[in-house]
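Basis for what follows: all heavy atoms, side chains included, without hydrogens, waters or symmetry-related copies.
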Amino acid sequence: MFRKRPPPEEERRVRANDREYNEKFQYASNCIMTSKYNIITFLPVNLFEQFQEVANTYFLFLLILQLIPQISSLSWFTTIVPLALVLSITAVKDATDDYFRHKSDNQVNNRQSQVLIRGSSLQKEKWMNVRVGDIIKLENNQFVAADLLLLSSSEPHGLCYIETAELDGETNLKVRQSVSVTSELGDPNNLALFNGEVVCEPPNNKLDRFCGTLYWRERKYNLTNQNMLLRGCVLRNTETCYGLVIFAGPDTKLMQNSGRTKFKRTSIDRLMNTLVLWIFGFMVCMGVILAVGNAVWEREVGSLFQSYLPWDPPVDNFVFSAFLSFWSYVIILNTVVPISLYVSVEVIRLGHSYFINWDQKMFCSQCNTAAEARTTTLNEELGQVEYIFSDKTGTLTQNIMTFNKCSINGQTYGEVTEPVGPQLKIRLDFAPFNPLADPNFCFYDDTLLESVKVGDSHTHEFFRLLSLCHTVMSEEKSEGELVYKAQSPDEGALVTAARNFGFVFRSRTPGTITTTEMGRPVTYTLLAILDFNNIRKRMSVIVRNPEGKIRLYCKGADTVLLERLHPCNQKLMNITSDHLNEYATDGLRTLALAYRDLSEDEWEAWSESHRTADKATDCREDRLAAAYEQIEQDMMLLGATAIEDKLQEGVPETIAVLSLANIKIWVLTGDKQETAVNIGYSCKMLTDDMTEVFIISGHTVQSVRQELRRARERMIELSRTRDGVKEEGMEAWGEACYMGNGFKAGQGSGGLGGGGAAGEKQLQCSPPPPPPPPSHLMDNISGEFALVINGHSLAHALEADMEMEFVSTACTCKAVICCRVTPLQKAQVVELIKKHKKAVTLAIGDGANDVSMIKSAHIGVGISGQEGIQAVLASDYSFSQFRFLQRLLLVHGRWSYLRMCRFLCYFFYKNFAFTMVHFWFGFFCGFSAQTVYDQYFITLYNIVYTSLPVLAMGIFDQDVPEQRSLEYPKLYEPGQLNLLFNKRQFFICIAQGIYTSVVLFFVPYAVLSDATQSTGEPLADYQTFAVTTATALVIVVSVQIALDTGFWTLFNHVFVWGSLGSYFTIMLALHSQTLFRIFPNQFHFVGSAQSTLLQPVVWLTIGLATAICIVPVLAIRFLKLDLKPQLSDTVRHTQLVLQKKRKPLGRSVGGVWRGTGSVSEGRLGARGSSRRSGYAFAHQEGFGELITSGKNMRLSSLALATFASRHSSSWIDTLRRKKPAHTHTPPSTSEEGSPAPSCVSGSVPPLSNSSSVLGGSQDTAIEEETVTAAAEYPQNVLASSSQTPPTLAPDSEAEPPQDLSQNLNAGIPTPKSVRCPGGDSSGGWMLTLGTMQEALFGWRSIAARTGASNTPGVASDAKEENHTA
């Protein structure tokens, strides 16, 4: 713990099997520690942290003041008890949180690993005991314990396969290879003798870079990232491997990328700190006023009493008396911000956290995982989220690829007509037809199987291509039991599909591919693999069949493959293009398939040119690409495949609902553009009804700036056209853009996403660019836009001088997709929005590559999915399915925000009403710092009398039930606008509290000053006045909280009425003679409560004060409800009327919902005419060369030597050379625009016109397709609502009655929302009737057409209807 920290490393030296040598460098052990405390440090460190809070320090200061008898009017225990309670509760909470951190750390640190210890024996060691320089044995499917140098493996040539999902979110396999000199050290005996020394770079967070040198046997060998296995990776498809520990524990690249845990505070916390400072200033001002009054009184009046009422010994003049009086009043008035406020806030947040943990509707039975609130400080901020940043793989998708549909020779397969009635689709049984079929393969269209069975030549050739054109490796563990090792999940899905339809890939060698075709074994000679890369977007194989016929098979993106077809394919190409468009519209990942027959002469000629290009020393990549281009021409189209990257359950519906809640969703993914865009369409982030989707793919700062400004210019132009309004400001900015860019939108060589050479050249010679448009212009843009930006473009967009360009463009869009982004860029994007938009952000992810993003956002959510627990450990909340985010925000988040706001409003009100009475009393007691109430009432007021009712409201209150919160997403908007608790609301609460204090002081003062008891004795004494005022105060605040409570539970009743009862019980006990006899110096009010409460005039006074305090509040609330109702009021009122007047329906809501169809099965909305490619292929370059090199084959030494003589180049070296070349190679002009050039004309249309989950634009749906009511509110609204309930009905049922629509057209303008600047009263959401109807019923009519049968709230609707019926 107190060990001296070693100096920063300049280089690292590691010697294998020599712990003594390595320990002298004091390298970190492999033990990780994310906890903050231990048993020794907990108390001092935790108290130090707590007293860094201004409030705690302030109360400690008050406690010290109260220990000074000359200025203290209150006993010390009035402060020490609450302060100790606060510190204890916070300490327990911190200890609990840290305990779970210790628990998770221990779980990781105690994992077992096999370490080579002294000699050749392998010994099991805990991860925490592994040291730098140890040699570790890994087995298949094991996590890598530390950053290792791969020494050897069970695979040929020291190869091993790893999955790096924990690091970068990618689940496709990657290849690592040991240094050739160590690859033969596979035996523990040999490894025990290995004493090589590694000199390498110091620990860093660069995941894709490693530079080092291995010194062994007086020779040195260069080490790169291809030789390293990083902690967090999983060994796949490799039986065993051995590695040397280079970096351990906190020095590993995984931990270096984790970033520091940031202390997160909510916006309400920050506002409270500001308000507390204001209140403290207000209290000081009151103290100064009363101190000045004391000085004046002591000088003018008090001096007359000096003879028999002298000053206390330290006081010798009125100035010093005033000074002491000031501090006395600071102590008395400190209850405006009582310490119980902070205790109550912590308790409420803890309760909200438990509600999240206990929510059965967020429990995943498949994973046996419940939702978990891993922090208790951010719950209310869940109700204020404006931006969601989501990972894609594993968060939105399951990363499971399934062969869904295909098109063969113009015939589409996979479209299964829904059967009539409750029957389900019948899954095909391949076992009788093909004993080698994969039993887990699902397909439902039997026409395709019949086509294979009858021997259709096109169908056979289609599946023959799928069984040959790939880089999959096959492992046959037993006869017929095939295991495919696919480098990408979509390749595995295609080969599995061919396998089930009778074309089974069995095995391969560097020169052959063996298949079983319709039960007959066939071996093809593999002549060449034309490898895949991101520029070519296709791969091909050239094979010779047993008859000697040579054929090229090619699969790839339709945008590149259809251009290379023979002209005779025009008709088939048009049909297949339509099918591809349909598949892309459904969000499926598509590939086009084609072949070409080659003669011997053509093959020989091309083979020679290919060999020449392959051996070229300069421009090798370009020469190979030209050779590939030469042979991949005049191909014959076979068809197309459509693979579904299965979304998680409920993702489209969740995104649709969150969008309606005015939450903007950004997807930040490491996947490539095509994959991300197609998932965007699948989950309905991108829809056909969007006005336009902009692609930003420039490679230079100038081109990115140009594309961003073109996008903004286009948005303004389309918005102006859409609205039909030409504002002078827009025109002026448009002219500035025209002058700056040198062209208008739509011009230029590269298209919108262009960035071509001509465009860049033109830009460089233009005048300085104009500034971004005024923010109000971008805020007022109408229409739905989306932005897709690549990682290299994002790097430029995140530069300091480009930040505002990017933010102003992206934040105008409804959806943003960032592709090929690094973990660091994810965090930078989040920080950018936090910096410029001042909005609450939420980041959600499931992998270690999302950790930095999760920590940067205001709220981090971890998905406990397939990629380990790193994201969960770094998160604030965790659950297992993305769809639970809807409930977390719209139910728990909204309720937490609502409850906290109501709690704070009431808390400040009741404490100002309590404390300000002392201020008014000061003017009548000679400013002597005398308290109105006895000290026990002051102590117990916030701890006993008023604490539990406000806690019950803060924990259990709700304005509408949970199903209504999900059905009406617009209810979420007040939290985003911070309407329920802001500075205006605070001043309203303070004003009400001051008004109440005036009434509570002056009404009893006025009445009791002349009142008498029944015996004729006067009631105008201090003790009677104190009891009357205190009783009236407790009754008024209890009635007030009863009015503020919107949802009564048993706890509310017990706490409210119990607190009132406890007040009378404790007061009578404290004023009893029993306590007075025991403690005569402590209880001065003996018998006053009993005598006071027996007087009728006292109760009349209390009743009068209560009425004067409460009646104005009731009147104002009634007027607000009648004239300016909030949306929640309207929902609540409508539901009450519906429950009373709803007539039995002919069918349940659930039946209506199901009748609308399913999003995944039907294509909703009109399909646009534009061409959009569905191409997506998560493949990596280099596997073709790996296969043909034979390095991953188990061959005899003779065969391998023969083959290696023809292929001597190192494939890893080739990959290393390719990376920088591809990084800086700009794509062609046609590829820089939208990623879907037409296969016929080659034009570049915008990415748009994809099917929408809402079946139409939201603007139209919400404003035009609403169920409306007559203008007289509330009677007509409620009456029409009862006749036309907002059920999830089909469009025909959602139309308003004719008479209502005519009335609306005649008397009501277009619905628009009206927001008061700065908010309004409690919840202050100003709405016109049209907006209420839009918010209430527009969503329902939209949702009816989504067909989302599993949207929450539907079942509850049905239950309510049946119950009412």
Between [X] and [Y], does any side-chain donor sit less than 3.5 Å from a side-chain acceptor?
X	Y	answer
N46	K36	no
N978	Y897	yes
D957	T1045	no
T377	T375	yes

Exercise for the section: May I ask you to check whether Y945 and F937 place their ring centers less than 6.0 Å from one another? Expected result: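 Yes, close enough.
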Exercise for the section: Please confirm whether Y933 and H918 have ring centers closer than 6.0 angstrom. Expected result: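 Yes, ring centres under 6.0 Å apart.
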I'd like to know whether [atom1] of [X] has more than 12 heavy-atom contacts from other residues, nucleotides or ligands below 6.0 angstrom.
X	atom1	value
Q1090	CD	yes
F1051	CZ	no
F42	CZ	yes

Practice task
Carefully, step by step, assess T335 and T915 under the rule side-chain hydrogen bond (donor to acceptor under 3.5 Å, both in side chains).
Solution key: CA-CA 6 Å; T335 50; T915 306; 2.6 Å; yes
Practice task
Report the distance from atom CZ of F1025 to atom CZ of F924, rounding to the nearest 0.5 Å.
Solution key: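 Answer for the CZ-CZ pair, F1025 versus F924, is 8.5 Å.
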Handout entry: Separation of T1012 OG1 from Q1095 CD (nearest 0.5 Å)
Key =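 Atom-to-atom, Q1095:CD and T1012:OG1 are 8.5 Å apart.
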Exercise for the section: Tell me, please, which residues at least two apart from I955 pass side-chain contact (heavy atoms from CB on, under 4.5 Å). Expected result: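 Counting only residues at least two positions away or on another chain, I955 forms a side-chain contact (heavy atoms from CB on, under 4.5 Å) with V347, I348, F355.
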Handout entry: Electrostatic pair R349-D269, nearest N-O below 4.0 angstrom
Key =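 Salt bridge present between R349 and D269.
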Practice task
Let me see the working for Q384 and H858 under side-chain contact (heavy atoms from CB on, under 4.5 Å), right down to the final yes or no.
Solution key: CA-CA 10 Å; Q384 299 180 277; H858 291 100; over 6 Å; no
